[in-house]
Structures are given as structure tokens and as C-alpha cells.
Amino acid sequence: MKKYAVITGASSGIGKEFAKILAKEGYALALTARRGDRLRKMAKHLKTECRIVEADLTKEEDCYRLYQSVAELPVAVWINNAGFGHCGTFKEGELEKELDMISVNVRAVHLLTKLVLKKMERQNYGSILNVASCAGLMPAGPYMATYYATKSYVTSLTRAIAEELRYEGSPVYLGCLCPGPVNTEFNEVAEVEFALKGISPAWCARYGYQQMKQGKTVIVPTFSMKAAVTLGRFLPETLYIRIAAHQQKKKKSGRRI
Ligand SMILES: NC(=O)c1ccc[n+]([C@@H]2O[C@H](COP(=O)([O-])OP(=O)(O)OC[C@H]3O[C@@H](n4cnc5c(N)ncnc54)[C@H](OP(=O)(O)O)[C@@H]3O)[C@@H](O)[C@H]2O)c1
């Protein structure tokens, strides 16, 4: 039986690379993002069945419409990848943009995780991967306050549900991918430049997929980010937050924040 993989935010970056990997693995795909033109163009090059669902995940009705469009299909993999960030002081940040960020990075992930988890339990199989960030494993991120807070929500939610599933012996896998800098369009959208060297989205997605198959709950690509996260556990939180603030400030190349 043909099985499906659904990827949100498949029009660029990490999501696009997940689409390539899952197509090669033989899944039929449902690809979603706002830029349907990009998804249609991509689908022409992927040698598998592709369903395109144009959706703006800031809108609750689009989240439900996306779910309904695949509700009757055997969905084996669901990747909640869509998301974006913004850099600057909290006081000066645009409220509308921040609320949209919370809608995409948190609300849509929460809503879809619940619906898809229930569907996969009814099916008796399935894997859900939430693309969070290393930001979600740190206590706070000054100058990217909302983004860090959204990603903390995703890592906390994912870890908690994963433990519930483990305890129940659920057949469903749930994990979160927590990359450090990845060279995608993220920076353009966030209006920043990385202070650290980024990895390729292809490498990030491949690593995420391999670790997902091994059932890892919190997936951190690259040794340096793993070391940063581990080191963080031994630092006083105030110091760790100050280091994070310093790194975020460096991202706003040339701009004072
Ligand atoms: N790049 C990094 O350094 C990095 C590090 C850690 C975590 N991450 C996380 O990785 C995920 C993917 O980001 P990326 O780095 O691949 O960035 P990207 O290249 O900018 O891709 C973001 C994707 O999210 C989609 N998206 C954004 N807003 C949306 C909305 N309102 N409705 C539906 N789709 C929306 C975009 O599609 P449309 O614009 O076509 O809608 C795009 O496909 C994000 O959750 C991000 O937070 C990235």
C-alpha cells in the first residue's frame, strides 16, 4: 500500500529537502506552504505523486483544511516544519508579526500534532517530527525573544507527549528536530545574518530523518550544537542568557539593537 508523507513549509529550506528525501524513500507526498507556485514547480522534479495544498498556517481554518485534505489517506510521516523568526528588541518588534509567528510556530504545530497523532493511533502506525530549534533548548533568547519562546513551546510539548506515548506503548513516534544555524531563507525572513557558520538544509534534513527512524525524541544536528546545549546545562542561567543575547546581537550585521 502506498503511504503518504506530509510536509509543512515545503516550499524552501529544510522542508524542501525533507520532500526530496521522502520522495526518494518512496512516499507519496502532500506538500504545503503559501507559495503554491514553488510547490508545483518542485513537484515536477520529484519522482512521486505530489498533492499540493496551498495554506497559510497563521489561519486556523487553513490548518483544518490541510488536515482534512489528507485525513482519509494512510499518512505514515508528518513533518511540522513551517516556521519563521524575527530579530530585534521586544519593545520595537511588530506585534502583528509576533502574533503570526506564534500562530505558525506554536498554534499550528499544536493543532496539527493533536489531529495527526489521533489519526496515526487509529491507523496503528506513524511518525510526527516537529521542527523546533536549538533555541528551544535554551532558557531564553534576548533580541529574538518571541522566536525562542515559540521553539521552547515546541520542544517542551514534544518531549511531554513523547513520554506519554512511551508510557502507553503507542505505535506512534513523536520527536523534535533542533538545529542550530542552517543556510536557508530563514535569515532573509528574519532579517539577520548568522553569527555562527550554518549547515546545509540537505544535511540537516537527512540527519533529522535518520534519527527519526531510530526513534530519537530530541534531535540536535552537529557536534558543536550538541556541545553548546550540553554546556548550557552547567552554566548559571543568567550567564547563558547573556551569552545568547551577545550571539543574537551579532546577527544584526551592522545594525544597532
Ligand atoms: N534556518 C535555520 O537556521 C533554522 C534553525 C533552527 C530551526 N529552524 C526551523 O526550521 C523550519 C524551516 O525553516 P527554514 O530554515 O527552512 O526556513 P525557510 O527556508 O524560510 O522555510 C520556511 C518555510 O515555512 C513556510 N512558512 C512560513 N510561514 C508560513 C505560513 N504562514 N504558512 C505556511 N507556511 C509558512 C515557508 O513557506 P511559504 O513562505 O511559501 O509559506 C517555507 O516553506 C522553521 O520552523 C525554522 O524555525 C531553522
Side-chain angles (χ1 to χ4, degrees), residues 6-21 30-43 52-67 79-87 96-113 129-138 141 144 146-155 158 176-205 207-208 218-222 224-225 228-229 247-248 251:
V6 182
I7 303 153
T8 74
S11 61
S12 89
I14 302 168
K16 187 174 176 178
E17 297 302 327
F18 267 121
K20 290 184 198 165
I21 292 167
L31 306 174
T32 180
R34 290 166 301 182
R35 289 171 293 180
D37 52 333
R38 280 209 187 189
L39 297 175
R40 280 184 285 278
K41 205 167 151 191
M42 248 176 84
I52 307 297
V53 187
E54 273 182 54
D56 180 350
L57 299 184
T58 58
K59 297 180 182 151
E60 196 173 300
E61 64 269 27
D62 279 23
C63 295
Y64 280 110
R65 184 168 53 76
L66 166 64
Y67 175 73
I79 307 205
N80 280 317
N81 162 76
F84 70 97
H86 190 71
C87 202
E96 275 313 307
K97 192 181 256 185
E98 288 161 1
L99 295 178
D100 280 351
M101 199 191 300
I102 293 168
S103 298
V104 180
N105 296 10
V106 172
R107 198 177 162 85
V109 173
H110 184 113
L111 189 157
L112 291 169
T113 299
L129 184 66
N130 291 331
V131 180
S133 166
C134 263
L137 299 171
M138 296 179 185
M144 249 188 144
T146 308
Y147 181 71
Y148 272 62
T150 63
K151 294 300 182 179
S152 287
Y153 185 94
V154 178
T155 55
T158 304
C176 53
L177 175 61
C178 300
V182 187
N183 297 324
T184 64
E185 292 172 18
F186 181 88
N187 275 356
E188 230 169 273
V189 177
E191 296 173 46
V192 294
E193 275 180 23
F194 289 139
L196 303 169
K197 197 170 175 295
I199 59 170
S200 79
W203 196 92
C204 179
Y207 186 81
V218 178
I219 304 168
V220 181
T222 76
S224 55
M225 288 321 295
V229 169
Q247 288 301 110
Q248 296 312 322
K251 281 187 182 171

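Note that the numbering runs from 1 along the sequence shown for the chain. In each ligand, atom 1 is the first atom listed, and ligand 1 is the first ligand listed. Heavy atoms only: backbone and side chains are in, while hydrogens, waters and symmetry mates are out.
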Charged N to carboxylate O under 4.0 angstrom, D62 versus R65? yes
Reported CG-to-CG distance for the pair N81 and L177, which is rounded to 0.5 angstrom: 8.5 Å
Flag side-chain contact, heavy atom, 4.5 Å: N80 against T113: yes
Under 4.0 Å from ligand 1, counting heavy atoms only: the protein residues, by chain and number: G9, A10, S11, S12, G13, I14, A33, R34, R35, A55, D56, L57, T58, N81, A82, G83, V104, V131, A132, S133, Y147, K151, P179, G180, P181, V182, T184, E185, F186, F194
side-chain contact (heavy atoms from CB on, under 4.5 Å) for I14 and T184? Distances and angles first, verdict last. CA-CA 7 Å; I14 302 168; T184 64; 4.1 Å; yes
Paired with T146, the side-chain contact (heavy atoms from CB on, under 4.5 Å) test is passed by just one of K151, E98, H86, namely E98
Flag side-chain contact, heavy atom, 4.5 Å: E60 against L111: yes
